[in-house]
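Every heavy atom of this structure was used, including side-chain atoms; hydrogens, water molecules and symmetry mates were not. By convention in this document, chain letters (A, B, ...) are assigned in the order of the sequence lines, proteins followed by strands, and residues within each chain are numbered from 1.
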Protein chains: 2
Amino acid sequence: MTSRDAILESALTLFDSRGYDAVGVQEIVETAGVTKPTLYHFFGSKNGLLETLIDENFVGLSQMLGEDAIYHGDLTLTLQKIVKGYFKFALENRRYYRFQLSLWFSPPESEAFQAVSAINEQQHAILEKVFIDAVANHGNMRGRHKVYAATFLGMINTYIGLALNGYVELSDQLVYQIVHQFMHGIFS
Amino acid sequence: MTSRDAILESALTLFDSRGYDAVGVQEIVETAGVTKPTLYHFFGSKNGLLETLIDENFVGLSQMLGEDAIYHGDLTLTLQKIVKGYFKFALENRRYYRFQLSLWFSPPESEAFQAVSAINEQQHAILEKVFIDAVANHGNMRGRHKVYAATFLGMINTYIGLALNGYVELSDQLVYQIVHQFMHGIFS
DNA sequence: AACCGAGTATACCGTTCGGTATATTATTTG
DNA sequence: CAAATAATATACCGAACGGTATACTCGGTT
C-alpha cells in the first residue's frame, strides 16, 4: 500500500471512531506509519485530507445515482433501485457511510459541514430531479420535490443507521417496505 | 444572569454552531464574560459542562415523554401525542435540539457519544415500553418493539431536522401524516 | 555523469489545548 | 462580628495542536 493510501485508510478509521475534530494529524501519520510532511505533501492540510477522503469515497455512491436515479415512468421502481443502491453502497463501505452519517447533521460552521455540503447538495439535486420528472405522472407532487428528496434521503439514512447499529437487516424486503411507506406518506 | 447560566448559554451557542470538539474552553469563558476557573468551579471539566448542558436541557423532553408516552389502548393516539410533544420541544429549544441532533450519529468513541448515550437509551426505553404495552392489542408486533422504537424516533428526528433547516413546518397535519406513515409501514 | 522532481525524515515553529495552584473577594452562616 | 464557604481573578503548567523549513534519498531523464 502506498503512503497516500495508508494515510487515507488510517484517517477514515480514526475519523469514523472518534470524529474529525478529535483526531490530530500526528496520530493519523503514526497509525499510517509515515511522518507529517508526507501527509502535507499529499493533502496540503488536515482539511484537504478530509475533502479528499470524502470525495474519493463518494464517487461510488455518485456513480450509482447516475445510473439508477433516472425516472423512466415508474416512480416506485426508480425509488426501489435507488434504495437498493444506497443499501449496497453502505454495506460495501460501512466505515465510510457511518462517517458520512455522522456528518449528516454536523454543525453548519464546522469544517466537516463545509466538506460534506457539496456531496449533500449533489445527492439532493439528483433526487429532486427524479421527483420533478415524475410530476407529469403525479400531478399532486408539484412544488414539493425539495421536501420529497429530503424526506426520502432521511428515511434511507435512518434505516441505514439502524442497520449499521445492528437493529435491522438491509434486505430486499426492507427496500420494498421503505419505498411503499414513503409513497404512502406522500399520497395520503 | 448568573455566571453559571452565562457559561451554559455560551457553550450551547458555540457547540451548536461549530461542534463540541472544535470549541475550546477559553472561547466559552470569553463569550460568557468569565474566566476559566469559574467554569471549572461549576462544572469540573469541559466534559462535565457538556453533560450538564445535555442533562439540564433534556429534562423538558423527559417530562413530556413521562406524561405523553403512556399507552392507554389507542396506539395511533399515543404516537400522535408523542410526535406533538417532540415538535413542541424542538421548537421551544431549537438550538439545543439541533445540537442533540448533531450528536445523534456521533462516533461511538467520541466524548459526545458517551454524553448522549444516556438520554438516547432513556428515550428508547420509554418508546419501547409503549410498543410492548401495545402488543396485546396488535399481535403482529411481538418482538419488534426495539426496531419500532428506533424507527419511530428516526422518523421524528428526520422531520425535525427538515424543519430546523426550513424544509417543512411542524404542523398538526404533519403530526398526523408521520404517525399514519409509520403505522402503515409497520402493518403492511 | 548531471540533473530533476517526487517522496520522506529530522527537528522545529508559534499557538492553543484542557486544566490548576494560589490568592482574593463576596456571601452566607453561626 | 467572626468564621466559614462560595465565587472569582491572576498567572501559570505541560502537552498537544496544525503546520513548515531544511535537507536527504532515490528512480527516472537528459
*asked:* In this structure, would A:I132 and A:M183 fall into the same cluster of hydrophobic residues linked by side-chain contacts under 4.5 Å?
replied: no
*asked:* Apply salt bridge (charged side-chain N to carboxylate O under 4.0 Å, His left out) to residues A:E9 and A:R95 and explain how you reach the verdict.
replied: CA-CA 10 Å; A:E9 172 70 20; A:R95 277 181 315 160; 3.1 Å; yes
*Output the residues of residues 38-45 of chain A in contact with DNA chain C, where contact means a heavy atom of the residue under 4.0 Å from an atom of the strand; sort by number or write none.*
A:T38, A:H41, A:F42
*Would you kindly give the CG-to-C1' distance between B:D21 and D:dA16, to the nearest whole Å?*
14 Å
*How many Å lie between CD1 on A:I7 and P on D:dG19, as a whole number?*
14 Å
*Nearest non-hydrogen partners of B:A149 and B:E128, listed with the distance*: CB-CG, 3.6 Å
*Atom CZ of B:R4 and atom P of D:dA6: how far apart are they, to the nearest Å?*
14 Å
*Within a radius of less than 6.0 Å around OH of A:Y176, do more than 12 heavy atoms belonging to other residues, nucleotides or ligands occur?*
no
*Over how many whole Å does the gap from B:E27 atom CD to D:dC17 atom C1' extend?*
15 Å
*Verify, without hydrogens or angle tests, whether A:S62 (side chain) and A:V59 (backbone) share a donor-acceptor contact under 3.5 angstrom.*
no
*Please say which of A:L39, A:V29, A:I28 ends up in a side-chain contact (heavy atoms from CB on, under 4.5 Å) with A:V34.*
A:V29
*Between B:F182 and B:F131, what is the ring plane arrangement, given parallel below 30°, perpendicular above 60°, and tilted in between?*
tilted
_Nucleotide C:dC17, atom C1' - distance to CZ of B:R18 in whole Å_ = 14 Å
*Using only side-chain N and O atoms of B:T35, determine if any of them is under 4.0 Å from OP1 or OP2 of D:dT10.*
no
*How long is the line joining CG of B:D5 and P of D:dT8, in whole Å?*
11 Å
*asked:* In this structure, how many angstroms lie between the P atom of C:dT20 and the NZ atom of B:K36, rounded?
replied: 11 Å
*Take atom CD of A:E30 and atom C1' of C:dT10, then tell me their distance rounded to the nearest Å.*
15 Å
*Assess whether one donor atom and one acceptor atom, taken from the side chain of B:K46 and the base of C:dG19, lie less than 3.5 Å apart.*
no
*Hey, does A:V29 reach any base, or is it just sugar-phosphate, or nothing, if we go heavy atoms under 4.0 Å?*
nothing
*Selection from C:dA9, C:dC17, D:dT10 that lies nearest to any side-chain heavy atom of B:Q26*: C:dC17
